[in-house]
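Structure record follows, encoded as structure tokens.
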Amino acid sequence: MILHGYWRSGTSYRTRIALNLKGLSYDQVGVDLRTGAQRSGDYLALNPQGLVPALVTDGGDVLSQSPAILEWLEETFPQPALLPSDPVARAQVRAMAAVVGCDIHPLNNLRVLKAIKAIGADEAATQGWIEQWIVSGFGALEAMVANHGRGWCYADTPTLADCYLIPQIYSARRFNVDLSAYPNLLAIEARAQAHPAFAAAHPDRQPDAG
């Protein structure tokens, strides 16, 4: 498999975590979002939306949108499972993932930040925008983990929710957001730092980092 992504992209980061948790080998091709490589003709031929990541499967199929990629991984390589077997538990894990994937990350990604700056937001306003969505989402996740977590977001093994959470914590730290109000999330971060699959996926350890 070949993962086309960007080292600091949260969506690429969560995909790397899932691939690593599944124990799958893959090559990486860097798509430098800073230089607009995602808008090149070659990349648009691969992923017409011009976003990362894109995963080329062993069969040559191209998958885009990280939620779809992660669900495909779970369906194609079911062990170790990243979703519980119980349908209600699966829904709860997906809900946690969606807090990040739907309600935090899309509002704070590079193209949105560029757009709000283009309509007049200064650095203070941009920082306030970023913090607003992280604080709102992390407050909800802190309560959800308190209800369902036993070391990880849900129960005592990593799930899709953790694949989403850890990159978002990385992003929050990049933007200097105070995380002291979220001890449950910070405990998961500490556990992830010691887990080989999460550690190997860290942006600083990627071939295109810099």
Side-chain angles (χ1 to χ4, degrees), residues 1-3 5 9-28 51-106 134 136-172 179 182-202:
M1 288 187 281
I2 304 172
L3 179 65
S9 153
T11 53
S12 301
Y13 190 175
R14 70 178 69 138
T15 304
R16 294 193 300 265
I17 293 170
L19 285 161
N20 294 347
L21 285 170
K22 294 289 186 182
L24 300 171
S25 60
Y26 58 98
D27 296 322
Q28 292 196 66
L51 299 175
V52 293
L55 181 70
V56 182
T57 71
D58 287 336
D61 296 302
V62 181
L63 307 178
S64 61
Q65 286 289 347
S66 62
I69 294 171
L70 268 61
E71 291 281 353
W72 175 82
L73 288 171
E74 183 71 358
E75 293 168 359
T76 309
F77 306 97
Q79 298 300 325
L82 300 181
L83 285 169
S85 57
D86 176 72
V88 171
R90 292 166 77 90
Q92 289 165 337
V93 168
R94 286 186 170 114
M96 291 184 193
V99 171
V100 173
C102 300
D103 298 329
I104 303 177
H105 176 267
I134 292 174
S136 173
F138 276 10
L141 279 172
E142 179 73 11
M144 296 165 88
V145 171
N147 288 335
H148 301 296
R150 296 195 304 276
W152 296 95
C153 284
Y154 192 95
D156 57 1
T157 58
T159 66
L160 288 184
D162 303 286
C163 296
Y164 280 76
L165 173 64
I166 295 304
Q168 192 59 58
I169 291 178
Y170 171 83
S171 178
L179 301 179
Y182 317 111
N184 289 316
L185 305 189
L186 294 178
I188 294 169
E189 180 192 34
R191 187 177 291 267
Q193 288 172 344
H195 192 296
F198 288 85
H202 192 279

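Source: prediction; values computed, not measured. Just so you know, residue 1 is the first one in the sequence shown, and it goes up from there.
- Annotation: the span from Met96 atom CE to Gln92 atom CD amounts to 6.5 Å, rounded to 0.5 Å.
- Summarising the geometry, atom CG belonging to Leu3 is positioned 5.5 Å from atom CD belonging to Gln28; distances are rounded to the nearest 0.5 Å.
- The two residues Ala146 and Asn184 make their nearest non-hydrogen contact at CB-ND2, 3.6 Å.
- Remark: Leu179 CG to Ile134 CD1 distance equals 8.0 Å, nearest 0.5 Å.
- Listed for the Thr159 side chain is no donor-acceptor partner under 3.5 Å among the backbone atoms of Val93.
- Electrostatic pairing of Glu71 and Arg94 counts as a salt bridge here, judged by a charged N lying under 4.0 Å from a carboxylate O.
- Expressed to the nearest 0.5 Å, how far NZ of Lys22 lies from CG of Leu70 amounts to 9.0 Å.
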Inset, instruction - Go through the steps for Ser136 and Asp103 under the test side-chain contact (heavy atoms from CB on, under 4.5 Å), then give the verdict. - result: CA-CA 9 Å; Ser136 173; Asp103 298 329; over 6 Å; no
Legend entry - Audit row: Trp152, Val145, side-chain contact (heavy atoms from CB on, under 4.5 Å) steps and yes/no: CA-CA 8 Å; Trp152 296 95; Val145 171; over 6 Å; no
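- The shortest side-chain heavy-atom distance between Pro158 and His195 falls under the 4.5 Å cut-off.
- Annotation: ring pair (Phe, Tyr, Trp, His ring centres under 6.0 Å) contacts of Tyr26 (sequence neighbours excluded): none.
- In this structure, the side chains of Leu19 and Met1 come closer than 4.5 Å at one or more pairs of heavy atoms.
- Considering every non-hydrogen atom in both Val62 and Ala54, the closest pair reads CG1-CB, 4.3 Å.
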Inset, instruction - Could you walk me through whether Glu189 and Leu186 pass the side-chain contact (heavy atoms from CB on, under 4.5 Å) test, one step at a time? - result: CA-CA 5 Å; Glu189 180 192 34; Leu186 294 178; 3.6 Å; yes
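- Of the possible polar contacts, one joining the Asn20 side chain to the Arg16 backbone as a donor-acceptor pair under 3.5 Å is found.
- Using a 4.5 Å heavy-atom threshold, the side chains of Pro167 and Ile17 count as touching.
- No option in Asp162, Val100, Leu160, Leu165 other than Val100 meets the side-chain contact (heavy atoms from CB on, under 4.5 Å) test with Arg14.
- With Glu142 contributing its side chain and Leu185 its backbone, the two residues share a donor-acceptor pair below 3.5 Å.
- Using a distance-only test at 3.5 Å, with no hydrogens or angles considered, a donor-acceptor pair links the side chain of Thr76 to the main chain of Trp72.
- Formation of a donor-acceptor pair under 3.5 Å by the Glu74 side chain with backbone atoms of Leu82 is found in this model.
- Rounding to the nearest 0.5 angstrom, the gap separating the OG1 atom in Thr11 from the OH atom in Tyr164 is 9.5 Å.
- Using a 4.5 Å heavy-atom cutoff, the side chains of Leu51 and Ser64 are not in contact.
- Listed here is the closest heavy atom pair of Pro106 and Gly101: CG-O, 3.1 Å.
- One distance of note links SG of Cys163 with CZ of Phe198; it measures 5.5 Å at 0.5 Å rounding.
- Ring-plane geometry between Tyr182 and Phe138 is classed as perpendicular, the angle between the planes exceeding 60 degrees on a 0 to 90 degree scale with a lower cut at 30.
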